[in-house]
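From a predicted model like this one, the values you see are computed outputs, not experimental measurements. Throughout, protein chains are lettered first and strands after them, A, B, ... in sequence-line order, and every chain is numbered starting at 1.
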Amino acid sequence: MQHFADALRAAVAAAAEVGIDTVRLEAPRDEKQGDLAVPCFLLAKARGIPPPAMAAKLAAAMAPGGPQAVAEVTASAAGPYLNFRIARPALAQAVFAEIAAAGARYGGSSEGAGKRIVIDFSSPNIAKPMHVGHIRSTILGAALTRIFSHLGYTTVGINHIGDWGAQFGGLVVAIRRWRGEVDLEREPVRGLLDLYQRSKAAVESDPAFHEEAVAAYRELESGREGPVRETWRWVTAVSMRGFEATYKRLGIEHDLVRGESYYENLLEPTIQRIVAAGITEISEGALIVQLSTVDKGLKETPCLLRQTNGTTLYATRDLAAMFQRFEEFGFERCLYVVGSEQRLHFRQLKAVLKRLELPWEPRVEHVDFGLLLGPGRVKLASRKGAVLVLDDLIDEVVDEARRIIQEKNPDLAQADQVAEAVGIGAIVFNDLKRERVKDVVFDKSEILSFEGETGPYLQYTHARLASILRKAAANGEGTAEPDWSVLENAGPILMRLARLGDVVRGAAVRAEPSEISNYLLALARDLNSWYVENRVLGEAPGVTGARLALIRASKSVLGNGLGLLGIRPLEAM
RNA sequence: GCGCCCGUAGCUCAGCUGGAUAGAGCAUCCGAUUUCUAAUCGGACGGUCGCAGGUUCGAGUCCUGCCGGGCGCGCCA
């Protein structure tokens, strides 16, 4: 397919006598206008003729037998536009050949070979179960990891779990005092959550508890082995086991699990390094870096590295982690998949890197995303009260999927596995279908609906394509020489199939998986409409052959795209 | 007050680096199943692209101002 685009640009450049870079090839809004088009405004200006005249002149030059004719392509002028239509048989064969040759790699490339992308995602806090507030980072980060891998990058997914901080002093004390009151054996995660919440309250209301909590945290920070550290380790291990189970369900893996505690010993060297650079100052007893010289917007918000009481802060730990990551991985990009409420924080970190004059500062990116809102657009706060545990949500959606399968396809084999995949597909797609920056209103009824622009819709489309292929194989159909002329009406699908690589690349550049989601929705819509009108099986052998080739290629592309998002393509549902 | 983000159909959103009559899904209404899975498909209804200027041959897209909503703003993470 690419060779058509290249040939067309070259031909237009030659016919218009301009440099190839001034020729912009784009997809017309309306398919009827053509497969590709060149608006002739700029070309006309360069040559001093009116745009419609330019378009007409180019169309003539590119007519069959003309000096710049491109094989299999018809050029026509429509006002100031030059439209191209690629002959369907040639287009179909080129696209299908590419898809078949690349297989699971289709849509990918090797452009990232030898380059590393660090992706910090999910990063839940220990002692609490993962709740719905964590799904965005988790699902976005996992999708980005797959997208970059598909483009040949070496990805390093890091789970920066929150396993450090003063709150663990309180938790340790709560465990010490009340461990007999909750079931830490059978339901350790829920038990810990209970104790965690009680410790939060106790720290505020009970001065004695507060004092003990502070002492416990100091003990933890000291690095000494002992009961406090042992308890903390146990909490970490229990929590991680819970997270791992959820990740496994979602098909998500991290390459490294490095909590905040990992950087414990790097904090002082990090501070020393920044102090040595001479950019720090003491303000109101705290060690800070002024940022206004590199970012005017940060005039009133310097970066705090050390509190008056001597302890470090969030920013200190993140800076330590950034330095460490750059030294260890020499990343091409380092992505932080973290909510947009932390924009200021990351802007500050980048400003510190700028003040240090580190050339790799632009490679650090905050891949931010909008808020998760509850019904009525109120913020779904994790600290107060009832939050929806992620596993419970998954269970609920999977149950609904199972119910619908029972209703629509009671004879389906392996219905439980399919229900799991459909339920998870619904949740994952719900989080990837909109632009990252958009807030997500957590609407359970929407997640439980499997109609319209949903993961199950895409999986259903895929399953139907699979079903047609299965039946064709069983009938021994599709072996005849395809009659490509019957794909005359499949132009939009063919052009779309050809575009996956561009879409994946764009999604990577902008760290925006929704671009793939929207592409897949459009592809599925095209396909569902198409095969209603174009019967595949039982037609003349050449007709069936050509249509089967389209189905096969489409299934492959749809499957690849779903895989990138983290949704299982299903053979039946 | 300052900084940043968002503002397209009743609701939720697409609209690629500005380009040809602004597109989907949901909701509402009508229709399609003797044939490849109706978790589908077709049709109808529905839009001064927040407002006002500006740049441009051309602006939903770029610039400025305003309005509305949200997030954040030194010793939490």
Side-chain angles (χ1 to χ4, degrees), chain A residues 24 26-30 33 37 39-42 44-45 50-51 78-81 83 125 162 164-167 260 283-288 295-309 311 313-315 317-318 339-345 347-348 368 370-371 373 377 379 401 404-405 407-409 412 422 433-435 437-441 443 446 449-454 456-457 459-461 463-472 475 499 502-503 506 510 514-515 517-518 521-522 524-525 528-539 544 547 551 572-573:
Chain A
R24 274 281 274 295
E26 55 187 46
R29 207 191 295 262
D30 186 345
Q33 289 157 334
C40 294
F41 303 98
L42 294 174
K45 196 171 189 181
Y81 293 88
N83 295 326
N125 297 322
W164 206 245
Q167 70 272 28
E260 295 177 23
S283 167
E284 297 167 37
L287 184 71
I288 67 162
D295 188 334
K296 280 171 294 187
L298 300 180
K299 209 162 35 195
E300 290 161 20
T301 48
C303 180
L304 272 80
L305 296 178
R306 202 201 292 280
Q307 309 185 59
T308 308
N309 68 13
T311 59
L313 292 112
Y314 184 41
R317 286 195 274 280
D318 264 353
S340 58
E341 61 270 34
Q342 293 194 35
R343 271 195 181 123
L344 176 62
H345 170 69
R347 196 169 158 194
Q348 287 178 321
D368 61 341
L371 268 39
L373 302 171
R377 298 196 75 88
K379 195 174 174 183
I404 291 176
I405 288 168
E407 174 188 311
K408 296 184 186 279
N409 197 354
L412 183 66
V422 169
K433 71 180 176 186
R434 311 168 225 269
E435 237 185 333
V437 297
K438 294 283 198 302
D439 291 345
V440 168
V441 176
D443 182 344
E446 201 176 303
S449 157
F450 300 154
E451 291 175 13
E453 298 176 326
T454 64
Y457 170 72
Q459 288 172 312
Y460 178 74
T461 305
R464 290 201 54 179
L465 300 181
S467 170
I468 293 172
L469 291 172
R470 259 198 314 277
K471 289 192 168 146
N475 302 345
R499 276 194 61 223
D502 291 341
V503 173
R510 286 175 286 278
S514 68
E515 293 182 13
S517 309
N518 287 315
L521 284 174
R525 266 196 300 270
N528 281 315
S529 308
W530 181 83
Y531 71 55
V532 165
E533 302 290 329
N534 298 273
R535 197 179 160 73
V536 177
L537 303 178
E539 301 292 303
T544 292
R547 290 179 177 162
I551 296 290
M573 69 184 268

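Looking at residues two or more places apart in sequence or on another chain, you find a ring pair (Phe, Tyr, Trp, His ring centres under 6.0 Å) between A:Y81 and A:F41. Judged as a side chain to side chain donor-acceptor pair (under 3.5 Å), and not counting sequence neighbours, the contacts of A:E435 are A:K438. Evaluation of the salt bridge (Lys or Arg N to Asp or Glu O under 4.0 Å) rule for A:R470 yields no partner, not counting sequence neighbours. Scored by the side-chain contact (heavy atoms from CB on, under 4.5 Å) test, A:S529 finds no partners at all (sequence neighbours excluded). Residues satisfying the side-chain contact (heavy atoms from CB on, under 4.5 Å) test with A:R525, not counting sequence neighbours, are A:E453, A:Y457, A:L521, A:A522. Legend: residues meeting side chain to side chain donor-acceptor pair (under 3.5 Å) with A:E284, ordered by chain and number and at least two apart, are absent. Partners of A:R317 according to the salt bridge (Lys or Arg N to Asp or Glu O under 4.0 Å) rule, which considers only residues two or more places apart in sequence or in another chain, are A:E260. Partners of A:E533 according to the salt bridge (Lys or Arg N to Asp or Glu O under 4.0 Å) rule, which considers only residues two or more places apart in sequence or in another chain, do not exist here. Partners of A:R347 by salt bridge (Lys or Arg N to Asp or Glu O under 4.0 Å), not counting sequence neighbours, listed by chain and number: A:D295.
In this structure, A:L371 atom CG and B:G72 atom C1' are separated by 11 Å, rounded to whole Å. Here B:C13 presents its P atom at 20 Å from OH of A:Y457, a figure rounded to the nearest Å.
At B:A39, one or more side-chain N or O atoms of A:K408 fall inside 4.0 Å of OP1 or OP2 (strictly under the cut-off). Regarding contacts with the backbone of B:A14, every side-chain N or O of A:N518 stays at 4.0 angstrom or more from both OP1 and OP2.
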Report task. Using a 4.0 Å cut-off on protein heavy atoms (strictly under), produce a 5'-to-3' string for nucleotides 19-31 of chain B with B for base contact, S for backbone-only sugar-phosphate contact, and - for none. Result -> BBB--BSS-----
**Report entry** Summary of protein contacts for nucleotides 1-6 of chain B, nucleotide by nucleotide, where a base hit scores B, a sugar-phosphate-only hit scores S (4.0 Å, heavy atoms)
**Finding:** --SSS-
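Each of A:W530 and A:P302 lies near RNA chain B, and the nucleotide nearest A:W530 is the one positioned closer to the 5' end.
In RNA chain B, consecutive stretches of 3 or more Watson-Crick or G-U wobble pairs with both distances under 3.5 Å are given as paired ranges: B:1-7 with B:67-73, B:10-13 with B:23-26, B:28-32 with B:40-44, B:50-54 with B:62-66.
Here the nucleotide nearest the side chain of A:R434, chosen from B:C36, B:A39, B:U12, is B:U12.
Look at B:G18: its glycosidic torsion is beyond 90° from 0, and that puts it in the anti range.
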